[in-house]
Amino acid sequence: MSVIPFDEREGTIWFDGAMVPWREAKIHVLSHGLHYGSSVFEGERAYGGRIFKSLEHSRRLRRSAELLDFQVPYAVEEIEAAKALVLKTSGLQDAYLRPVAWRGSEMMGVSAQGNTIHLAIAAWEWPSYFDAATKMKGIRLDIADYRRPDPRTAPCASKAAGLYMICTISKHRAENKGYADALMLDFEDNVAECTGANVFFLEDGVLHTPRADRFLDGITRQTVIDLARRRGIEVVERRIRPEEMTGFSECFITGSAAEVTPVSEIGPYRFTPGAVTKTLMDDYLAEVQPKAQAA
């Protein structure tokens, strides 16, 4: 798929309550969200014309904004209707959707009490991060230099744009060394998450995943935990030290963009994509596909 800059694409974007031509969905360079990171967003996937866990994403978008001390000026039901309209208008059945809310340009300082809050929603074709063959070999991860911040220093439960600044740096550094992504530790040097995905490990048939109280508790993460428990697989959410990765046999990451992706390597640690990872990959794909309507 050719790479077309996002400001040069065709189509329409929902922008503050109206569908506007894609290339005209613009904001001023002196918008608070650009300068101070006062922006929140969601990443969602549609499968067969249905947005997976759409309601959960819409609720989280509003909650993320509240944690940044602003209100998205649309109710959850209005956001749901807007996303459905965007998907329908795009003509896509399988798509990635990006709702984003931000503070506008009325005030340009740290304080922005009077700024208008804007909301835009776009959809485009974005295949899985990794093809099936690459997935089953397992991707390689570096270990990031930067840590996820202490929850006392940042609103870690918000999907806030500003919190992704160190993720971009970390992913670039990993890619420049030949890795697909980077694993980030928390402020106490425990295993946390990847730059845009949560992480799971398998040991003796039990799944272990970092407790999500110091970073975003992903909706895909929650889905996979539920799928594992339906299979009778025990899931333990806890603090995980990096050196414990020596004893784990399988590893995978989860996220709306990454879906369920096996990992073969994290820095000096090695894993073999196996039956549990493959089962949860298949279960997740079955879960996201629209269910056939009963006759």
Side-chain angles (χ1 to χ4, degrees), residues 6-7 13 15-16 25-44 56-74 79 96-122 142-175 181-190 192-199 210 212-221 253 255-258:
F6 275 88
D7 60 346
I13 291 176
F15 194 113
D16 285 346
K26 300 178 180 180
I27 63 174
H28 196 273
V29 70
L30 295 180
S31 291
H32 196 275
L34 174 63
H35 290 254
Y36 295 95
S38 54
S39 171
V40 297
F41 69 98
E42 285 294 320
E44 311 178 37
E56 289 88 336
H57 282 284
S58 295
R59 287 172 174 164
R60 189 173 68 181
L61 180 73
R62 285 183 53 86
R63 176 59 179 159
S64 290
E66 290 167 0
L67 290 171
L68 266 62
D69 197 33
F70 69 84
Q71 293 284 334
V72 173
Y74 298 93
I79 298 170
Y96 182 86
L97 287 92
R98 171 57 59 87
V100 56
W102 68 97
R103 286 190 174 100
S105 55
E106 288 82 1
M107 299 175 67
M108 187 47 59
V110 173
S111 177
Q113 301 278 12
N115 286 37
T116 300
I117 306 303
H118 300 274
L119 176 65
I121 304 169
D142 194 14
I143 297 178
D145 296 322
Y146 285 108
R147 292 344 189 214
R148 297 311 296 161
D150 186 327
R152 294 170 296 182
T153 68
C156 66
S158 172
K159 195 169 176 68
L163 292 175
Y164 283 79
M165 178 264 291
I166 57 174
C167 297
T168 296
I169 295 171
S170 299
K171 190 171 179 70
H172 283 182
R173 289 180 180 178
E175 290 174 338
D181 200 353
L183 178 75
M184 305 184 79
L185 306 181
D186 68 17
F187 66 99
E188 292 182 328
D189 288 342
N190 300 298
E193 60 175 348
C194 292
T195 62
N198 295 120
V199 64
D213 57 355
R214 298 177 172 182
F215 50 85
L216 194 71
D217 184 3
I219 290 171
T220 307
R221 174 186 184 274
I253 62 173
S256 292

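Below, all heavy atoms of this structure are taken into account, side chains as well, without hydrogens, waters or symmetry copies.
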Fill in: Tyr96 versus Ala257, closest heavy-atom pair with distance
CE1-CB, 4.4 Å

Worksheet entry | Check: Asp213 and Pro151 side chains under 4.5 Å, non-hydrogen atoms | no

Worksheet entry | Exercise: identify the closest heavy-atom pair between Ile79 and Leu119 | CG1-CD2, 4.1 Å

Worksheet item: How many angstroms lie between OG in Ser38 and CD1 in Ile117, if you round to the nearest 0.5 Å?
Response: 7.0 Å

Worksheet item: Checking Asn115 side chain against Arg103 main chain: does a donor-acceptor pair fall under 3.5 Å?
Response: no

Fill in: Side-chain (His35) to main-chain (Val29) donor-acceptor, under 3.5 angstrom
yes

Response to the item:
To the nearest 0.5 Å, atom OG of Ser105 lies from atom CG of Leu34 at 11.0 Å

Worksheet entry | Point-to-point distance, once rounded to the nearest 0.5 Å, from CZ of Phe215 to SG of Cys167 | 11.5 Å

Worksheet entry | Side-chain donor or acceptor of Ser64 paired with backbone N/O of Lys159 under 3.5 Å | yes

Practice prompt. For residues Gly109 and His32, report the shortest heavy-atom separation together with the two atoms involved.
Written response: O-NE2, 2.8 Å

Practice prompt. Evaluate whether atom CE of Met108 has more than 12 neighbouring non-hydrogen atoms of other residues, nucleotides or ligands under 6.0 angstrom away.
Written response: yes

Worksheet entry | Flag if over 12 foreign heavy atoms under 6.0 Å of CG, Asp69 | no

Discussion item. So does Ala122 get a backbone contact from the side chain of Arg98, meaning a donor-acceptor N/O pair under 3.5 Å?
Written reply: no

Worksheet item: Does Asp186 reach the main-chain N or O of Glu188 with its side chain, forming a donor-acceptor pair under 3.5 Å?
Response: yes

Practice prompt. Check Ile253 against Cys194 and note the closest heavy-atom contact, atom names and distance.
Written response: CG2-SG, 3.7 Å

Response to the item:
Separation between NE2 (His118) and CZ (Phe15), nearest 0.5 Å, reads 6.5 Å

Worksheet item: Does the side chain of Leu163 come within less than 4.5 Å of Pro149's, by heavy atoms?
Response: yes

Worksheet item: Is Phe41 atom CZ crowded by more than 12 heavy atoms from other residues, nucleotides or ligands, each under 6.0 Å away?
Response: yes

Discussion item. Could you check whether Arg173 pairs with Asp145 (Lys NZ or Arg NE/NH1/NH2 to Asp/Glu carboxylate O, under 4.0 Å)?
Written reply: yes

Practice prompt. Could you check Arg147 against Asp189 for side-chain contact (heavy atoms from CB on, under 4.5 Å), going step by step and ending with a plain yes or no?
Written response: CA-CA 8 Å; Arg147 292 344 189 214; Asp189 288 342; 2.7 Å; yes

Fill in: Approximate separation, where rounding is to 0.5 Å, of Glu66 CD and Leu61 CG
10.0 Å

Worksheet item: Hey, what do you get for OH (Tyr146) to CE (Met165), rounding to the nearest 0.5 Å?
Response: 7.5 Å

Worksheet item: Does Glu106 reach the main-chain N or O of Thr116 with its side chain, forming a donor-acceptor pair under 3.5 Å?
Response: yes

Discussion item. Tell me whether Ser31 contacts the main-chain N or O of Gly104 through its side chain, where contact means a donor paired with an acceptor under 3.5 Å.
Written reply: no

Fill in: Charged N-O contact under 4.0 Å between Glu193 and Arg221
no

Fill in: Check: Val100 and Ser39 side chains under 4.5 Å, non-hydrogen atoms
yes

Worksheet item: Are Trp102 and Ile27 side-chain neighbours, meaning at least one heavy-atom pair lies under 4.5 Å?
Response: yes

Worksheet item: With a 4.0 Å cut-off, would you call Arg59 and Glu56 a salt bridge?
Response: no

Worksheet item: What is the minimum heavy-atom distance between Ala192 and Val199, and which atoms define it?
Response: O-CG1, 3.9 Å

Worksheet item: What are the two closest non-hydrogen atoms of Gly255 and Thr220, and how far apart are they?
Response: C-OG1, 3.2 Å

Worksheet item: Can you check side-chain contact (heavy atoms from CB on, under 4.5 Å) on Ile166 and Arg148, steps first, answer last?
Response: CA-CA 8 Å; Ile166 57 174; Arg148 297 311 296 161; 3.4 Å; yes

Fill in: Derivation of the side-chain contact (heavy atoms from CB on, under 4.5 Å) call for Ser256 and His57
CA-CA 10 Å; Ser256 292; His57 282 284; 3.7 Å; yes

